[in-house]
Asks: 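Structure incoming, see below.
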Amino acid sequence: MSNIIDTVSWLAPDGSVHFQWTEQTLPAGGKLRIIDQRRLPEKLAYLDIDSVADACEAIQTLAVRGAPAIGCAAALALAAAGGKIETENTEEFLRRMRKNSGQLRASRPTAVNLSWALDRCMDRLEKSPHLPVQELKKELLKEALGILEEDIALCDRIGENGAALLRDGMGILTHCNAGALAAGGCGTALAPVYAAMRKGMRIKVYADETRPLLQGSRLTAWELQRAGADVTVLCDNMAAQLMREGRIQAVIVGADRIAANGDTANKIGTYGTALLAYCHHIPFYVAAPYSTFDLSLKDGSEIPIEQRDPHEVTEFSGKRIAPTGVKVCNPAFDVTPQELIRAFITDRGIIRPPFTNAENRI
Ligand code: MRU
């Protein structure tokens, strides 16, 4: 008989959850259950993961995606895979865990939350080489569940801090999905919206559809609609017109990695949206937990940008929409220069420019 540990992330009104950890026997036999986002919005289906290979595939194919979510998923998958290693030799266990962690780390390059979460798990193991393997497995699971629990709290704090910037009746534009489907908790860019809704504010959310993989229309619209929010989907090329019509009072997006000077990598198209907001004198906010800041990078030019399969651009729902053999570019992310960002909404408060001042750093 399996039992489900009471550590789940965001609980939708109908009881569906994003992350679940299921255990048969402690500490081995655990597995991670996630929503399979590739199938949304058509079907709410779940995916069980208990190996590094399954986790890498889920991360690469965007069954689980969004910076904080892939960090949580990788940590829990590492714990699941670790639980299955059959050895009593600590050195052998650590060697195999380093390999597992390396494979997970390589699954996607841009979101720093992935390596941040894996480093946390591996540090905990490496600091306790005197423990027997069974104890190390328990330590690893505690760390992974701790990362998920912490993310839930970080999202709530981002929500509270960001809601203070919102007013009743505002129109908010967002790009990609930085909501509950992208995190362990209720999200980053959407957290202030959820918090404002709880305070009784009427917020109108405009969701860029976010080509090529449509995270905005498939995922943001799906989760906001289920939460009872007022959400409108638009194609990416419509935002400028809506801004000119005065329908958007703020833009809030998430982030995959933020360099020390404030340059921010997020879903491709974010940079263009920031430029549009700048031209229309609309504040452009980036919402992110401290785990998304990478102060080891001087500026955005050092952020690795994932290049994805050309088929994501040349095919739509399995049908060709560009001539065979045409050249394609498909960067998954772009970098918004810090000067276009009005403020960062973080779990630790609002960070305003100049972002390079020591006291303004995360
Ligand atoms: O390719 P994706 O869907 O993983 O891209 C996700 C984003 O760009 C999000 O905006 C970002 O990870 C922040 S999620 C809270």
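In listed order, ligands and their atoms are each counted from 1. Below, all heavy atoms of this structure are taken into account, side chains as well, without hydrogens, waters or symmetry copies.
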Asks: Got a sec, which residues hit side-chain hydrogen bond (donor to acceptor under 3.5 Å, both in side chains) with Lys298, two or more places apart in sequence or on another chain?
Replies: none
Asks: Is there a donor-acceptor contact under 3.5 Å linking the side chains of Asn330 and Glu312?
Replies: yes
Asks: Please compare Arg65, Lys267, His175, Arg257 and report which has the shortest non-hydrogen distance to atom 1 (O) of ligand 1.
Replies: Lys267
Asks: Among all protein heavy atoms, pick out the one at the shortest distance from atom 11 (C) of ligand 1; state its residue, atom name and that distance to 0.1 Å.
Replies: Asp256 OD1, 3.2 Å
Asks: Output the list of atoms in ligand 1 that are nearer than 4.0 Å to some heavy atom of Ala178, sorted by atom number.
Replies: 14 (S), 15 (C)
Asks: Do me a favour and list the nearest non-hydrogen protein atom to atom 9 (C) of ligand 1 with residue, atom name and distance?
Replies: Asn266 OD1, 3.4 Å
Asks: Please determine whether any non-hydrogen atom of Gly187 lies less than 4.0 Å from an atom of ligand 1.
Replies: no
Asks: Please check if any side-chain donor atom of Arg257 sits under 3.5 Å from a side-chain acceptor atom of Thr292, or the reverse.
Replies: no
Asks: Would you mind running through ligand 1 and noting each atom that sits below 4.0 Å from a heavy atom of Ala67?
Replies: 12 (O), 14 (S)
Asks: Answer with yes or no whether Arg108 contacts ligand 1, where contact means a heavy atom under 4.0 Å from a ligand atom.
Replies: yes
Asks: For Gly254, does its backbone N or O pair with a side-chain atom of His175 as donor and acceptor, under 3.5 Å?
Replies: no
Asks: Does Leu94 reach the side chain of Arg98, with side-chain heavy atoms less than 4.5 Å apart?
Replies: yes
Asks: Is Ala183 near ligand 1, meaning one of its heavy atoms is under 4.0 Å from it?
Replies: no
Asks: Given Leu173, which partner from the list Leu242, Ile282, Ile248, Leu276 fulfils the side-chain contact (heavy atoms from CB on, under 4.5 Å) test?
Replies: Ile248
Asks: Work out which heavy atom in Ile350 is nearest to a heavy atom in Ala343; give both atom names and the distance.
Replies: CG2-CB, 3.8 Å
Asks: Answer side chain, backbone, both or neither: which part of Gln215 comes under 4.0 Å from ligand 1, heavy atoms only.
Replies: side chain
Asks: For atom 14 (S) of ligand 1, find the nearest protein heavy atom and state the residue, atom name and distance (0.1 Å precision).
Replies: Ala182 CB, 3.5 Å
Asks: I'd like to know if the side chain of Asp208 pairs up with that of Thr210 as donor and acceptor (distance under 3.5 Å, no hydrogens or angles considered).
Replies: no
Asks: Which residue holds the protein heavy atom closest to atom 15 (C) of ligand 1, what is that atom called, and what is the gap in Å?
Replies: Thr188 OG1, 3.0 Å
Asks: Looking at ligand 1, would Asn177 count as a contact under a 4.0 Å heavy-atom criterion?
Replies: yes
Asks: Side chain, backbone, both or neither: which applies to Ala332 and ligand 1 if a contact is any heavy-atom pair less than 4.0 Å apart?
Replies: neither
Asks: Would you check whether Ala111 reaches within less than 4.0 Å of ligand 1, judged by its heavy atoms?
Replies: no
Asks: Is it true that Trp116 and Tyr290 have ring centroids separated by less than 6.0 Å?
Replies: yes
Asks: Does ligand 1 come near enough to Gly66 that some N or O of the ligand is less than 3.5 Å from an N or O of the residue?
Replies: yes
Asks: So, using salt bridge (Lys or Arg N to Asp or Glu O under 4.0 Å) as the criterion, who are the partners of Glu135 when residues are at least two apart?
Replies: Lys138
